[in-house]
Each structure stands twice: as structure tokens, then as C-alpha cells.
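Below: one structure, written as C-alpha cells.
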Amino acid sequence: MQRASVYVHFPWCLQKCPYCDFVSRPTTRAEIPHEAYADAVLSELEARREETRSRALVSVFFGGGTPSLWEARSLGRVLEGVRRAFATEEPDLEITAECNPSSLDRDKAQGLAAVGVNRMSVGVQSLDTARLKFLGRLHDGAGALTALEHALEAVPRVSGDLIFGQPGQSAAEFEGEVEALTRLGLRHVSAYALTIEPDTQFGALAKKGKLPLAKEDDVADAFLATRAAFAARGLGHYEISNYAVPGEESRHNLHYWRGGDYVGLGAAAVGCVSDATTRSARRWRNTPNASAYLAAAGARDLDAMAADRETLSPADRIREALMLGLRTREGVDLAALAARTGVDPRTDRRAALARRTASGDLTLDGEVLRVPPERWLWLDGIVADLF
Ligand code: SF4
């Protein structure tokens, strides 16, 4: 049976962070249409039943935006509908909700657990209150730790997000944050370098030369120090931005990085499902406009809901699989990829593969192609060479 995960996008936050280019609109708690949004997502799910009813459900991920702002009851209704829509589900189904410390008190954490969430990914970003202010976050260092404690009391698996490579941030300071999170009991952490995206407040400030930025070399050093700090505490570097104790890796993200099918639901959600006969895949992106989404989903009108739709050829799927899979420690199984797409991924890239394996940028272990973790700093260039 074909397998698929589900991603549900929740497009609202209490405030827009100055570095964020995700689709999220600032709003107040009172303005969020909790039940109407749940109804809309369930209507979309019904309209997409062809993608779900004969598949096995791998995982569910509520992302955003800030899904912890959603009433637990409304999120739970959506979760129930998703689980019912699939023919079957994997044992011990992983159900993750992204949470912000400013909207994760004890009641919310317990409420999310009560409706079936069993993993929380908490947007800590930093434990330093001055840095959190710089990042435009609504919580402080103590609030982040308290939210993590509530999450750990409520569910068995908790991940935290951290941002490294901030201007003036020393390796020792960041290592102190890694130490604090792992001491608390976190067995999964995502660590991202602060990147400046053009269509953000930080992007505008940087363009005017008004944003303090870390030097590129310092960010590279911070990346290496980050890996060492996690390794010393038993968290392996299993994807370029993700660290976990063995067995605690995000199953949802692994499924995605392995090129698995996923059904995206909600405003701005992206979904991609393959066709076993044509070996192609269909990808869609829903309108990012929450009001337009609510109207289109209510009418079960997938045409009105779509901002973008495209068909990925087997060659496109190979490029995507290389781009995503080479970010991971497990790499890409070329034989499995050829079986999925009907095309040998080596075709058209023999020269690049030979050159990059000779230089040590790539390793081929049987059929498994990898970028060794010590070359991940140059990952983009290595992958670009295979396109
Ligand atoms: S809380 Fe997260 S999704 Fe919302 S604006 Fe900040 S970074 Fe973006």
C-alpha cells in the first residue's frame, strides 16, 4: 500500500517575527476563526479523498504559523478527520504540533495531548532574553524553559528549535543553550542559522545596511561548534539542521526527505503525491490568503483553492530526491529511486558523480549516495552540480 503523511498549515501568529518568511499573518486570539478553519480543512480533506482513502497514514504535522494558538478542540477535530480518511495508519502514529512558548501554557499542552498530539516542536530560538528581543519574539528565556517543561509533562517527545549564528553570539554561549535544552530532557533539537530573507523586516534593514550581521566565517564556525556540542550530548546530526538521540528522529520529516508522498491541507499548504503508473507526481500549493482559502474550502472547490499546481516528471522527482536526501545522514538510495521513478538517477550525471566522489564531496556505499557530514557546509554547491 502507498504511504503518505499529512501536513496541516495554520496561517496565524500573534506577531510577525522580523526574520520570518513563512506564510503567517499577525492577528489577535479573538480574531482567529478556530472552528471555521477546522471546518474548512475538513472540507478540503473530503475533496482530496482520492489521495487518502487507499493510502496508509505515516504521520501528521501541524505547522505554521503558530498551531498552538488553535483551540485544542478544533485541532483535534481535524486530527480525527485525518485519521479516519486513510485506509490504515502506521503503529504509534507520530502527531506533531509546532508550538510557540508564548501560546503554550500547561492547559494548552495538556489539551493538545488529550486530542492526540504526541510530539511537540517548540520554537525556543534562544534562551537569552536580549537575543529573543532582537529576534522579535514574544517570549523570554525563562518563558521558553517553562513552555518546554509543560510540553515534556504532556507528551513523550519534545523538540526545540534554536537559531545559531546570531551577531555577537559566541560558541560558548550557544553551547550553554544546547546544554540547557538537553539537561531538561530534550532528545531532538532543530538548529538553524539565522538567514536573512529578502521579503522580511530583517531583509529590508539589511538592504539599508542597518542590521548587524554575523560574518560568514563565524556562522560556519558556529555550525561546526553546534555539531560538536550536540555530539557531546549524544544527539546525532541526522539532517543538516536537525539533531536527535538515535530513534528520536522526526519520522514526519524523514518521510519527506526520503521523497515520500504528503497531503498538504490548509491555507498555503503544499502537497505532493506520486502516481505509481506514470511515475510522475502532482504537487499543489494552496492559496496563502486565509479568507480565500476559507471560502474555497467551504465550497470544496480545489480549483479556487489552488495557488499553484504542477506535474513533476520522473526527472524532476530525481532532482528533488537528491536535493532533499543529500541533506540527510542516510543519503539517497539510488536503486530505490530508480525503482520509484523508472529512470536511473546516474544517467546524465555520471561525470559530476565521478568528479565529486573523487574529491570526497560524495561517497557511494553500494547504492547509497551521501554527502559526508564534514562536507555539509558546501552542500548547496555539491547538490547544484548534480542538477
Ligand atoms: S512565530 Fe514562527 S511562523 Fe510566526 S512569524 Fe514568528 S517565526 Fe514566523
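Each ligand, and each atom within it, is numbered from 1 in the order the structure gives.
- Using a 4.5 Å cut-off between side-chain heavy atoms of Ile, Leu, Val, Met, Phe, Trp and Tyr, with links allowed through other members, Leu135 and Phe164 fall into different hydrophobic clusters.
- Closest to atom 2 (Fe) of ligand 1, if we only count protein heavy atoms, is Arg137 NH1, 4.0 Å.
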>> With side chain to side chain contact (heavy atoms under 4.5 Å, CB included) as the criterion, how do Arg349 and Arg319 come out once you've worked through the C-alpha distance, each side chain's angles and the decisive distance to 0.1 Å?
In response: CA-CA 11 Å; Arg349 21 183 95 78; Arg319 278 191 288 275; 3.8 Å; yes
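- Set against the non-hydrogen atoms of Tyr19, the atoms of ligand 1 under 4.0 Å away are 7 (S).
- The pair Arg119-Glu248 fails the salt-bridge criterion, with no side-chain N (NZ, NE, NH1 or NH2) lying under 4.0 Å from an Asp/Glu carboxylate O.
- Put simply, the side chain of Asp261 gets close to the backbone of Ser274: a donor and an acceptor are under 3.5 Å apart.
- Of all protein N/O/S atoms, those under 2.8 Å from atom 4 (Fe) of ligand 1 are Cys13 SG, and waters are not counted.
- Checked against the 6.0 Å centroid criterion, the rings of Phe134 and Tyr19 do not qualify as a close aromatic pair.
- Ring-centre distance between Tyr262 and Tyr256: below the 6.0 Å cut-off.
- Hydrophobic cluster membership is shared by Ile240 and Leu386, with clusters built from Ile, Leu, Val, Met, Phe, Trp and Tyr side chains linked at under 4.5 angstrom.
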